There are 2 protein chains.
Amino acid sequence: MRNTKNDRRSQRTRDLLRSALIELMLEKRYSEITVQDLIDRANVGRSTFYSHFLDKDDLLIGGFNTMIDALSPFNKLQPAAGEPLEQLDLTPLFSHMQEHAQLYRALLHGGGLDLIFSSGQSQLQRQIEAYLAALAPQPALALALIASMMTGAIFNLVTWWLNSANSYTPAQINTIYKQLVLPGVRGSLQL
Amino acid sequence: MRNTKNDRRSQRTRDLLRSALIELMLEKRYSEITVQDLIDRANVGRSTFYSHFLDKDDLLIGGFNTMIDALSPFNKLQPAAGEPLEQLDLTPLFSHMQEHAQLYRALLHGGGLDLIFSSGQSQLQRQIEAYLAALAPQPALALALIASMMTGAIFNLVTWWLNSANSYTPAQINTIYKQLVLPGVRGSLQL
DNA sequence: CTCGTTAATGAACAAGTTGTCCATTAACGA
DNA sequence: TCGTTAATGGACAACTTGTTCATTAACGAG
């Protein structure tokens, strides 16, 4: 049995195309990048591109999903019973983003976030909502709303972090996040 | 002296194209909409489109800037000296968004937010940052960061609001926003 | 190392899109 | 009323997209 995905040639092609996309997104907006640009930059045949990906969006989403998957240990987010809200630790998430800062920076610079919002952010949002549900029996506001706000704050915090001098560690970003967001959340959860 | 912009024909064409864009954004993603779609829907000649707008993005941004301009009374956001943080009132902003819910819903549904982020959000963010600067002599965190977080929260709150049953009034949304966001902000401003 | 399998290639393709140009027509408003 | 100005539509070259196919070359199981 031959494993298609493990073929060195396939991996090489995929890597070349993903790198090309990141490179190009640092140079111009995602919407302005054409398949032609990608295959030129990756030095890959046109038909090769289409045998790996459906289109440009598929390449972007696929590359991002790879990252998301790498984040699966983050599923340990769920709190123990009676655990205080302060226990929330997003450090693994921020560490992951720091490791792949190049990709996230490209996303922030080149746009293409609309596509990610539908997969990435909503997934994170669901996890946070589940976390809150486990803690709060009687929330004063809809959990979906609070989770949405918390996710948005993560997103904007990371934007600021990656665009600034980047001198903060993931643990520090985690502290800042909690300092800025948790007081309001605690009140709304009526803990 | 003839005023080009006031010519009924020009206004009619612009209105038709803007409406067509909103309609189409409720049907499919912004990136999938072509100039051809727009002029078909608006029933307008191809060359007419290009005599009014540079391209598709120009139409989107232009339409949005019109909204932003309508928001200029919001510039009274600046606080009086010594005014407490609780005085912050974003009700006019939320009212405006409710009035133009159709446009904002189209934006949320169809994507195209990347383009707006660069003009709309950054403007709001600057106003909030100036507001904070007038209040906080010794902030514990960079004001840009706090303002970014606050803007992101507004954005996500509105997303939730416009997608939900929409039963809340702008004043209620303003209250929810303050309840959720201000506690963390107050701590970080060291008031 | 061998050899059957499988990916990459590149060229060609129709169909669609983009932005521009221009002569003609018709609506506007001073 | 009449000169000005916007809309029209057709035509245009340049480019993009996604597909097909015969050919070449890299791969890896045995």
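So that the names make sense, note that chain A is the first sequence line, chain B the second, and so on, each numbered from 1. Every value quoted in this text rests on a predicted model; they were computed, and no experiment measured them.
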DNA chain D contacts among residues 39-54 of chain A, heavy-atom distance under 4.0 Å =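 Under 4.0 Å from DNA chain D: A/Arg46, A/Ser47, A/Tyr50.
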Using the benzene-type ring in the case of Trp, are the ring centres of A/Trp160 and A/Tyr168 under 6.0 Å apart?
->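 Yes, the ring centres sit under 6.0 Å apart.
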Within this structure, what is the [atom1]-to-[atom2] distance between [X] and [N], rounded to whole angstrom?
X	N	atom1	atom2	result
A/Arg12	C/dA8	CZ	P	9 Å
A/Asp15	C/dA7	CG	P	16 Å
A/Leu17	C/dA8	CG	C1'	12 Å
B/Gln36	C/dG19	CD	P	12 Å
B/Asp7	D/dT4	CG	C1'	10 Å
B/Gln11	D/dA7	CD	C1'	15 Å
B/Asp57	C/dT18	CG	P	11 Å

Compare every heavy atom of B/Ser148 with every heavy atom of B/Gln125, then report the nearest pair and how far apart it is.
->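 Shortest heavy-atom contact: NE2-CB, 3.4 Å.
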Which atom names give the shortest non-hydrogen contact between B/Leu157 and B/Ile173, and what distance separates them?
-> CD2-CG2, 3.7 Å
B/Trp161 and B/Ile176: CA distance, side-chain angles, deciding distance, side-chain contact (heavy atoms from CB on, under 4.5 Å) verdict | CA-CA 11 Å; B/Trp161 184 35; B/Ile176 291 175; over 6 Å; no
Looking only at side-chain atoms of A/Asp55, point me to the closest of D/dG18, C/dT18, C/dT6.
-> D/dG18
Of all the nucleotides listed (C/dC28, D/dT17, D/dC27), which has the minimum atom distance to the side chain of B/Arg8?
->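 Selected nucleotide: C/dC28.
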Quick one: list whatever passes salt bridge (charged side-chain N to carboxylate O under 4.0 Å, His left out) with A/Glu23, sequence neighbours left out.
-> A/Arg41
In sequence, state the C-alpha distance, the side-chain angles, and the governing distance for A/Leu189 and A/Ile146, and then conclude on side-chain contact (heavy atoms from CB on, under 4.5 Å).
-> CA-CA 9 Å; A/Leu189 291 180; A/Ile146 304 177; 4.0 Å; yes
Of residues 18-28 of chain A, the positions that come close to DNA chain C - non-hydrogen atoms, cut-off under 4.0 Å |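 None - not one residue of the stretch has a heavy atom sitting under 4.0 Å from the strand.
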Qualifying side chain to side chain donor-acceptor pair (under 3.5 Å) pairs with a residue from residues 176-191 of chain A, counting only residues at least two apart or across chains |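 Listed by first then second residue: A/Glu86-A/Arg186.
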Report the residues that fulfil side chain to side chain donor-acceptor pair (under 3.5 Å) with [X], sequence neighbours left out, ordered by chain and then residue number.
X	answer
A/Arg18	none
B/Gln102	none
A/Arg29	A/Ser31, B/Asp57
B/Gln87	none

Can you tabulate the close N/O pairs, meaning under 3.5 Å, that link protein atoms to atoms of nucleotides 23-25 of chain C?
none

Where each pair must be Watson-Crick or G-U wobble with both distances under 3.5 Å, what dot-bracket representation of DNA chain C is obtained, with crossing pairs in [ ] and other-strand partners as |?
-> ||||||||||||.|||||.|||||||||||
Got a donor-acceptor pair under 3.5 Å from the side chain of B/Arg9 to the base of D/dA7?
->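 For B/Arg9, whose side chain was compared with the base of D/dA7, there is no donor-acceptor pair (under 3.5 Å).
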Name all residues meeting the side-chain contact (heavy atoms from CB on, under 4.5 Å) criterion together with B/Thr169; count only those two or more places apart in sequence or in a different chain, and write none if there are none.
-> B/Ala171, B/Gln172
For B/Gln36, check side-chain contact (heavy atoms from CB on, under 4.5 Å) against everything at least two apart and list the hits.
-> B/Thr34, B/Ile39, B/Asp40, B/Arg46
Cation-pi check, B/Lys56 to B/Phe49: give yes when NZ or CZ is under 6.0 Å from the six-membered ring centre and within 45° of the ring axis, no otherwise.
->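 So B/Lys56 doesn't make the cation-pi contact.
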